[in-house]
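Have a look at the structure below, then the notes.
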Amino acid sequence: MAERFPPSPAPTSPRNEKRYALDTEVVSTENNDQYSASSAPLYQTATFKGMGEYDYTRSGNPTRTYLERHMAKIMNASRALAVTTGMGSLDVITRMLKPGDHVVTGDDLYGGSNRLLNYLRTTNNVVVHHVDTTNVETVKSALAEKPAMVLLESPTNPLIKIAPLKEISEAAHAANSNCVVVVDNTMMSPMLQNPLDLGADIVYESATKYLSGHHDLMAGIIAVNDSKLAEQLYFYINSTGCGLAPFDCWLLMRGVKTLAVRIEKQQRNSQLVAEMLESYGFSVNYPGLKSHPQYDLHWSQARGAGAVLSFETGSVELSERIIEQTRLWGISVSFGCVNSLISMPCKMSHASIDPETRKARALPEDLIRLCVGIENPNDLLDDLTLALMKAGAVVYSDGTWRRP
Ligand SMILES: *Cc1c(COP(=O)(O)O)cnc(C)c1O
């Protein structure tokens with residue numbers, strides 16, 4: 001009977017064949033389309049007739065499968081699952097938690113993740129420990145609670161702190177063999193870091209950021225190697241209906257093919273911006289700079305420094321003036337887009353964390369975050385320097401720019 005149906009486009013991301021370098025794999029796709037379409041077809045349908053492989057898009061859709069297999073390949077996972085947003089990924093993952101379970105996580109967490117954990121803490125009796133994940137000893141003392149889950153980010157955003165992923169994963173599994181180690185890899189993307197290879201059980205990314213790259217869709221990708229874990233997560237996705245819609249799967253597939261070139265350029269631009277700000281005398285957080293206190297640790301687990309950096313100006317008013325003066329750098333939350341963005345996390349992306357908590361976690365109110373795009377680097381450097389000058393943050397004297 002199945003023979004009567006045209007071939008499904010769902011993949012063939014060849015896991016068992018020769019593996020190429022990641023920048024090759026990211027553009028190499030195959031499908032079984034009956035007309036050999038170069039771009040896999042979009043199955044914009046809710047239902048499927050007959051008794052074939054697919055019946056209802058909430059449960060499965062060929063375009064979603066195609067994307068998921070491709071993502072699994074580039075994330076070094078045996079299975080990837082596509083959901084509606086990055087936060088949707090964490091929602092699915094935290095459905096594994098039961099009342100009374102402990103979660104150990106960072107103190108410079110993405111604002112939305114912080115908010116979701118707070119909700120689980122206040123309504124579901126989940127005990128959440130926010131600790132400094134740069135310090136293994138601090139993490140180890142929290143692991144004495146035998147947490148059901150450890151949730152890590154590295155680098156963190158916006159303070160760009162590095163967590164030793166391998167060491168913490170090992171310690172977490174030693175403290176509780178059932179502990180699920182989860183890494184939010186949004187800041188690095190699979191081009192630069194593969195937490196599953198470092199001992200994590202689950203990796204997820206907001207595909208709204210680098211994976212798609214153009215700020216034209218929202219999505220989340222969850223990746224695992226354990227098939228039982230994959231089935232459990234798929235169960236939550238199918239039950240709650242948060243699987244990514246076919247059109248967004250198709251758009252994400254289109255966007256992810258340029259991941260390698262985008263990251264390469266964004267990273268090169270970031271290095272130049274970071275070096276420039278440091279030369280002006282600002283305290284810059286970027287793991288591409290030797291001055292980063294965890295430079296060696298970062299490079300032991302990642303292949304690049306990424307394209308998000310932050311710096312302090314010493315005054316909230318000065319920071320506000322700077323971000324208002326830029327023209328090329330758009331004032332916007334989020335990152336991972338081909339356009340360069342500037343923001344003040346305490347006023348924008350992290351405003352959902354109350355001021356007391358921000359203070360307790362040493363999140364400077366004057367912090368400026370830069371998310372670097374693919375523009376010409378000279379234009380980016382000029383625009384930023386001009387904004388710094390107009391705001392009064394730098395002056396030109398003796399042939400160099402410096403803080404007054
Ligand atoms: C943006 C982001 C998320 C949430 O992703 P959405 O797609 O916006 O839901 C989670 N973690 C990090 C680190 C992010 O930057």
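Along the sequence shown, the residues carry numbers beginning at 1. Start at 1 and go down the list; that is how both ligands and their atoms are numbered.
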Charged tip of Arg79 within 45° of Tyr234 ring normal and under 6.0 Å
yes
Against the six-membered ring of Tyr66, is Lys73 placed for a cation-pi contact (under 6.0 Å from the centre, within 45° of the normal)?
no
Can you name the residues that come within less than 4.0 Å of ligand 1, going by heavy atoms only?
Thr85, Gly86, Met87, Tyr110, Asp184, Thr186, Ser206, Thr208, Lys209, Met218, Ala219, Phe335
Enumerate the salt bridge (Lys or Arg N to Asp or Glu O under 4.0 Å) contacts for residues 184-201, please, sequence neighbours excluded, ordered by first and then second residue.
none
Per-pair distances, 0.1 Å, donor-acceptor, side chain in residues 241-257, under 3.5 Å, sequence neighbours excluded:
unit_1 : atom_1 : unit_2 : atom_2 : d
Trp250 : NE1    : Ala40  : O      : 3.2

Any sub-3.5 Å donor-acceptor pair from Ser319's side-chain atoms to Asp366's backbone N or O?
yes
Residues 140-151 side chain polar contacts: donor-acceptor under 3.5 Å, at least two apart:
unit_1 : atom_1 : unit_2 : atom_2 : d
Ser141 : OG     : Glu137 : O      : 3.4
Ser141 : OG     : Thr138 : O      : 2.9
Lys146 : NZ     : Ala175 : O      : 3.4

